[in-house]
Amino acid sequence: MATRPTDPAKPATERRDSAAPVLAPERRQQLAQAVADAGFTPGRHDLRDVVELLGDDEDLAVHVERALLRAGAAAAPALLRRLPAAEPPLRPRLVRVLGRLPADPAVDMALKTCLDDHDPKTRRNAIGALGKRGGPDVAAALLARARAEASLPHLRSLVEALGKVGDADALAWLDSLETGDPELQRLTARARLMLGRSLGRGEVGSAIDLDAVAAEPRPLVLGCRPGLEPLLVDALGPGFAPRILGPGRVAATLRGPLRDLLAVRLWTEVGLPLPPLSRGTDLPATIAALLTGPEARLLFKTYTKGQVRYRLAWARGGHRRALVWQVAAAAAAQWPELVNDPRETTWEVVVDDAGLLVRAELRPRRWSASDKASEGLPAVPGTAQPATADRQTAASRNTTGREPAASRNPADREPTASRTARDPATSHNPAGREPAASRNPTARDPATSRSSAESFDHPDDKPALESADPRFAYRSGDVPAASHPTIAAALARLAEVRPDDVVWDPFVGSGLELCERGLLGPAATLLGTDLDPRALAVAAANLRNAGLRAELTQADATTHRPTGVTLIVTNPPMGRRVHRGDVGPLLTAFVANAAAVLAPGGRLAWISPLPRVTDPALQAAGLVLRGSLTLDMGGFTGQLQRWDKPLRPPTRPRRP
């Protein structure tokens, strides 16, 4: 960050009065050069003079505005002092900057005062700012100004602002507003939609009804990670009559309630397709007809508790905001009870309009609170118990390097909440480097080398990564590049359930593989190891939330050898995000150790990013490949594999 352009002890400003300082040419030039530097943040000694530069030419004012916004709330006093005596072009620019500062009662009061300003541009900037900020009495102030406003451009701005922050009185005024201006008519219709949906939030509940059963069987389209289609078909079973449609898509038939789908943990999306319509010449009207047609109304009413709230998404990507508003207005005109609400939605309507036919799927998004907390979790007593760790002195491998859940299919990505909850030290790692904590294990803070029992405290066992999907409500934490839960479920399913299994995840990360294996069926023991104590803490919390008991140890996957292991289930480092350098040596070393750890008859279920390297190593270690699927890992492929260790070592042919 750049320092102040001058020594505050030696000001170069000739001041005429407290409101309007006169800047010496040298001082003005110095400040103009400073604000052009993106690293310059004005200090308290510079703010008064920097504010004065807002009145200069527009190009310089842009840089000044950015510099003041970098100063944040500290800039408010200087801006507020200058505002009363300021004249255009400085005056509207002051209001524009004030409107972008953090919430402040003094700033809000000044902006409300400017609603009646003598300068039209200042008045318009104040309207726009208050429409974004909201706050106490803002709706009443905007409505009072709207009732008295004679300027058509300002009335348009007021209608837009009231659509964002208005109240019931504002909605009544919008409903009664009569105008012959087409643009104002469009803005008024949009504002009524926005205000209607925001006022309805919290007053009318909306959730998916998991127990409703349609009068007739309903066709479904289930999405999954490309490569998992055969496993998903197997998990659905004949009752759903599943069949593969293509990469990442499986068709099925729903004969019972939606709750039945929650026992199947491999899908990422469930869609109820609508009968397609001819595109025609009016696309918004066609999509609105799909949303309000008899089939859509039947599905919405059958599977929704409370008000039907939806948002539009596009199968080919993009936002297409203008089209969204046109569709929402047309749909509301035909079915007023249908509310377009992209923020608090119950249904996502995915539209594909690429061909002559317009197709749409209704995808559930909001489950009831009780279902979020408990659905899909068996009543298994106990908590995750971290074990005392074996200290490692020369382990330089990264064991949390799983591939990120985000894929090229946006519907298959992890929830936003889970991405933002990651450790701040490792979440901003676009280059795919190792986290600092794992680059040099011998240089870690002494606290992290304590036993795992000392360092796995979790402040809150309640799921913090709230998802619309109740199947994975146990997830209260995550680590960088952790497994997507459906991939963890696929590994557990590929491994099969044996109640006497001693299960080990050598690269435990956030513990999803152990959670999914434990939720799939009984096991004698669950073991997890990782080099990163933060990952072990997250895994402990997730396992605790799932009602599972596990032993977690800080240990190296290539040297640690727990006894009696009959199943290894893991998603190892992929070398794409957090593992630096060639991951091949790590994987081959792990394979050799895994083969030695497994008891005869044991299994290894894992994902290999380098099958050309790991397959020969596994075969050389005496394991036999029983199944393999090519899995889309989001930008590259991996092999989802099941290897078995024979009960008896293979006999070598005798020499003649």
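- Between F472 and R265, the closest side-chain pair of non-hydrogen atoms falls below 4.5 Å.
- Remark: side-chain polar atoms of N542 are paired, donor with acceptor, to backbone N or O of G477 under 3.5 angstrom.
- Using a cutoff of 4.0 Å between basic side-chain nitrogens and carboxylate oxygens, E160 and K132 are not scored as salt-bridged.
- Among all heavy-atom pairs drawn from V165 and A139, the shortest one is O-CB, 3.4 Å.
- Pairing each heavy atom of L512 with each of H484, the nearest pair is CD1-C, 4.4 Å.
- When atom types are taken as modelled, the side chain of R93 and the backbone of L54 share a donor-acceptor pair closer than 3.5 angstrom.
- When atom types are taken as modelled, the side chain of S176 and the backbone of W173 share a donor-acceptor pair closer than 3.5 angstrom.
- Of the charged side-chain nitrogens involved, none lies within less than 4.0 Å of a carboxylate oxygen, so that E344 and R309 do not count as a salt-bridged pair.
- Side-chain atoms of D352 come within 3.5 Å of backbone atoms of A354 as a donor-acceptor pair (strictly under, hydrogens ignored).
- Contact check on E183 versus R156 returns no salt bridge, with no Lys/Arg side-chain nitrogen under 4.0 Å from an Asp/Glu carboxylate oxygen.
- Nearest heavy atom pair, residue T292 against residue Q334, reads OG1-OE1, 3.1 Å.
- With rounding to the nearest 0.5 Å, the separation of OG in S157 from CZ in R123 is 10.5 Å.
- Side chain of D181 to backbone of L184: a donor-acceptor contact under 3.5 angstrom is found.
- Using a distance-only test at 3.5 Å, with no hydrogens or angles considered, no donor-acceptor pair links the side chain of S510 to the main chain of A482.
- With 3.5 Å as the limit, one finds a donor-acceptor pair spanning the side chains of T304 and W347.
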Point to revise | E65 and R70: CA distance, side-chain angles, deciding distance, salt bridge (charged side-chain N to carboxylate O under 4.0 Å, His left out) verdict | key: CA-CA 9 Å; E65 182 172 338; R70 285 194 292 270; over 6 Å; no

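- Separation of atoms CG (L277) and OG1 (T286) is listed at 7.0 Å; rounding is to 0.5 Å.
- The nearest pair of heavy atoms linking V95 to A126 is CG1-N, 3.6 Å.
- V50 and L68 get closest at one heavy-atom pair: CG1-CD2, 3.9 Å.
- Expressed to the nearest 0.5 Å, how far CG of L177 lies from CG of L155 amounts to 6.0 Å.
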Practice item. Would you please test D175 and R192 for salt bridge (charged side-chain N to carboxylate O under 4.0 Å, His left out) and show each step? Key: CA-CA 7 Å; D175 287 338; R192 285 200 299 262; 3.6 Å; yes

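- Here the side chains of L222 and L236 are in contact, with some heavy-atom distance below 4.5 Å.
- Taking the charged nitrogens against the carboxylate oxygens, D108 and R133 do have a contact shorter than 4.0 Å, which makes a salt bridge.
- Crowding of R100 atom CZ: a count of heavy atoms from other residues, nucleotides or ligands under 6.0 Å not exceeding 12.
- The pair E361-R249 meets the salt-bridge criterion, since a charged nitrogen lies less than 4.0 angstrom from a carboxylate oxygen.
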Practice item. List the steps and the verdict of side-chain contact (heavy atoms from CB on, under 4.5 Å) for T346 and S206. Key: CA-CA 6 Å; T346 315; S206 183; 2.2 Å; yes

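- No side-chain heavy atom of Y310 sits under 4.5 Å from any side-chain heavy atom of D341.
- The structure places OG1 of T345 at 7.5 Å from CD of E348, a figure rounded to the nearest 0.5 Å.
- Separating the CD1 atom in I287 from the CG atom in L283 is a distance of 4.0 Å, to the nearest 0.5 Å.
- For the atom pair CG (L94) and CD (E87), the distance works out to 11.0 Å, reported to the nearest 0.5 Å.
- Every salt bridge (charged side-chain N to carboxylate O under 4.0 Å, His left out) that D117 has, sequence neighbours left out, goes to R91.
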Check your understanding: After noting the C-alpha distance and the side-chain angles of T253 and L220, does the key distance pass the side-chain contact (heavy atoms from CB on, under 4.5 Å) rule?
Key -> CA-CA 6 Å; T253 300; L220 297 175; over 6 Å; no

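- Counting only distance, with no hydrogens or angles, the side chain of R471 and the backbone of V264 share a donor-acceptor pair below 3.5 Å.
- Looking at D209, its side chain never comes within 3.5 Å of a backbone N or O of Y303 through a donor-acceptor pair.
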N/O donor-acceptor pairs under 3.5 Å from side chains in residues 317-327, not counting sequence neighbours:
unit_1	atom_1	unit_2	atom_2	d
R320	NH1	D353	OD1	3.1
R320	NH1	D353	OD2	3.4
R320	NH2	D353	OD2	2.8

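- Here the side chain of R82 pairs no donor or acceptor atom with the backbone of P77 at under 3.5 angstrom.
- Here the closest heavy-atom approach between residue V35 and residue A67 is recorded as CG1-CB, 4.1 Å.
- Ion pair R297/E337 not flagged as a salt bridge, since none of the NZ, NE, NH1 or NH2 atoms sits closer than 4.0 Å to an Asp/Glu carboxylate oxygen.
- Judged by distance alone, with hydrogens and angles left aside, the side-chain atoms of N125 form a donor-acceptor pair with the main-chain N or O of P92 at under 3.5 Å.
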**Study point:** L98/L83 under side-chain contact (heavy atoms from CB on, under 4.5 Å): CA gap, chis, key distance, verdict
**Key:** CA-CA 10 Å; L98 283 167; L83 180 61; 4.2 Å; yes

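- A donor and an acceptor atom, one from each side chain of T268 and T486, are nowhere located under 3.5 Å apart.
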